[in-house]
Amino acid sequence: MVLTSAGNPILVTGATGQHGGTSAHVVSSLIDSGKSVRVFARSKSEKTETLQELGAEIVLGDFNDRQSIISALEGVETATFTYPIASGIVHAAATFASAARSLAKPPRVVVMSMAVAHPESPSHLGRAQWLAEETLAWSGLDLTILRVAALFFENITFLHGDAIRDTSSFGNSFGLADVPWISGLDAARLMVSAVLRPELFSNSIIQYPPGVELLNHDAIATIISREVGVPINFRPISEKEWEAELLEEARAHPGGFINADMAKHISAVGAALAKTTSPSRIPDSLELEKLTGHAPYNFRQFVRANLSTFVS
């Protein structure tokens, strides 16, 4: 195991999550940069063992356990706040803020948010995310909130991978709307930049970093088809039909990526975007590269790197 001890530790939350593997990328990138990293996790697992092998310190706790957060934040100057696609974020944010404010020197906090965080969001999780961020802001913490204006490429694999492999077809409620996209890795790079180079995000507490490209799901099916050599078809379906399919998947695989909150959230977001003519934030690969210091991945590159996800 490689140990890192460069200055005060950076606390990373959500590093064992499934959505894009974003925070796990954050941990490895920070360690590669020579930083000391402390990972906040609910329990030990293969993921925490892997992160520990990389050089991270693992501390166990829960967003609903204030004392465990206080202990995890001891000596920390910068922390990340990343909550899973699930209910409970408002209470978690309030508990986190209370814990941070109890310290003699509260940390700066970088929040991984979502573009649909808004009081009138079509998604119940978007509304909850907005209220959680309001709670963090009311606490007076030094915040950088990253409402990344794109969906993760990884959504295609998690939400549609089985259907693409088994039936060469997939459906959802996005219709033929053009959707901004980003890889989980590039979203992680944004968070690393916000941690290490806060001056890039200093013009506003709330930031809307862009995605890398604009694609509808028919175009996504075409790209996958060309890369795997098998025709893949996309079929638009209603919000309720897709939510029902996702709920069935959640019941069949409890504890997996898809849960009841994800089913309700993503089907509502898809239906809302299907009614729009263009996204509020157009992807900009050059700006994204400027913010992260890396050329971003496009969807074709993502498919090529994950071919086994799309073919049997």
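Atom set for the values below is all heavy atoms of this structure, side chains included, hydrogens, waters and symmetry mates excluded.
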Between side-chain atoms of residues 58-77 and protein atoms elsewhere (two or more places apart, or another chain), which donor-acceptor pairs fall under 3.5 Å?
unit_1 : atom_1 : unit_2 : atom_2 : d
Asp62  : OD1    : Asn64  : N      : 2.7
Asp62  : OD1    : Asn64  : ND2    : 3.4
Asp62  : OD2    : Arg42  : NE     : 3.2
Asn64  : OD1    : His91  : ND1    : 2.8
Asp65  : OD1    : Gln67  : N      : 3.3
Asp65  : OD1    : Ser68  : N      : 3.3
Arg66  : NE     : Ser98  : OG     : 2.7
Ser68  : OG     : Asp62  : N      : 3.1
Ser68  : OG     : Asp62  : O      : 3.3
Ser68  : OG     : Asp65  : O      : 2.8
Ser71  : OG     : Gln67  : O      : 3.2
Glu77  : OE2    : Asn8   : ND2    : 3.1

| said: Before you tell me yes or no, could you show the steps for Glu245 and Arg235 under salt bridge (Lys or Arg N to Asp or Glu O under 4.0 Å), namely the whole-Å CA-CA distance, both residues' side-chain angles and the distance that decides it to 0.1 Å? | reply: CA-CA 14 Å; Glu245 288 184 3; Arg235 53 185 178 86; 3.6 Å; yes

| Without hydrogens or angle criteria, can the side chains of Asp261 and His124 be said to hold a donor-acceptor pair below 3.5 Å? | yes

| Under a 4.5 Å cut-off applied to non-hydrogen side-chain atoms, are Phe174 and Trp242 in contact? | yes

Run the side-chain donor-acceptor check on residues 264-272: report pairs under 3.5 Å with partners two or more places apart or on a different chain.
unit_1 : atom_1 : unit_2 : atom_2 : d
His265 : ND1    : Ser123 : OG     : 2.5
Ser267 : OG     : Ala263 : O      : 2.6
Ser267 : OG     : Lys264 : O      : 3.3

| request: Determine the sole option in Ile31, Leu54, Leu11 for which the side chain to side chain contact (heavy atoms under 4.5 Å, CB included) test with Val37 is passed. | output: Ile31

| request: Check whether any side-chain N or O of Ser183 sits under 3.5 Å from a backbone N or O of Tyr297 as a donor-acceptor pair, and report yes or no. | output: no

| same_hphob_cluster(Phe152, Ile223) at 4.5 Å side-chain heavy-atom cutoff | yes

| said: Could you check whether Arg281 pairs with Glu287 (Lys NZ or Arg NE/NH1/NH2 to Asp/Glu carboxylate O, under 4.0 Å)? | reply: yes

| Would a 4.5 Å heavy-atom cut-off, applied to side chains only, mark Phe299 and Ile224 as touching? | yes

| Looking at residues at least two apart in the chain, or sitting in another chain, which of them share a ring-ring contact (aromatic ring centres under 6.0 Å, His included) with Phe234? | Phe170, His217

| query | Does Val26 offer a backbone N or O that forms a donor-acceptor pair with the side chain of Ser29 under 3.5 Å? | reply | no

| query | Is the shortest heavy-atom distance from the side chain of Glu213 to the side chain of Ser285 under 4.5 Å? | reply | no

| note | By side-chain hydrogen bond (donor to acceptor under 3.5 Å, both in side chains), Ser28 pairs with (sequence neighbours left out) none

| Just by modelled atom types, is the Gly161 backbone N or O under 3.5 Å from a matching donor or acceptor in the Thr309 side chain? | no

| task | Would you mind telling me which of Ile232, Val303, Thr222 makes a side chain to side chain contact (heavy atoms under 4.5 Å, CB included) with Glu227? | result | Val303

| Can you hop from Tyr208 to Val212 via hydrophobic side chains spaced under 4.5 Å? | no

| Any donor and acceptor pair, going by atom type alone, linking the side chain of Thr135 with main-chain N or O of Ala94 inside 3.5 Å? | no

| query | Does the side chain of Phe153 come within less than 4.5 Å of Leu185's, by heavy atoms? | reply | no

| Option among Ile206, Leu136, Val110 that satisfies the side chain to side chain contact (heavy atoms under 4.5 Å, CB included) test with Ile145 | Ile206

| More than 12 heavy atoms of other groups within 6.0 Å of Glu120 CD | no

| message | Please enumerate all residues that pass salt bridge (Lys or Arg N to Asp or Glu O under 4.0 Å) together with Arg147, with sequence neighbours excluded. | response | Glu133

| request: Just jot down the side-chain contact (heavy atoms from CB on, under 4.5 Å) partners of Ser238, sequence neighbours excluded, or say none. | output: Lys240, Glu241

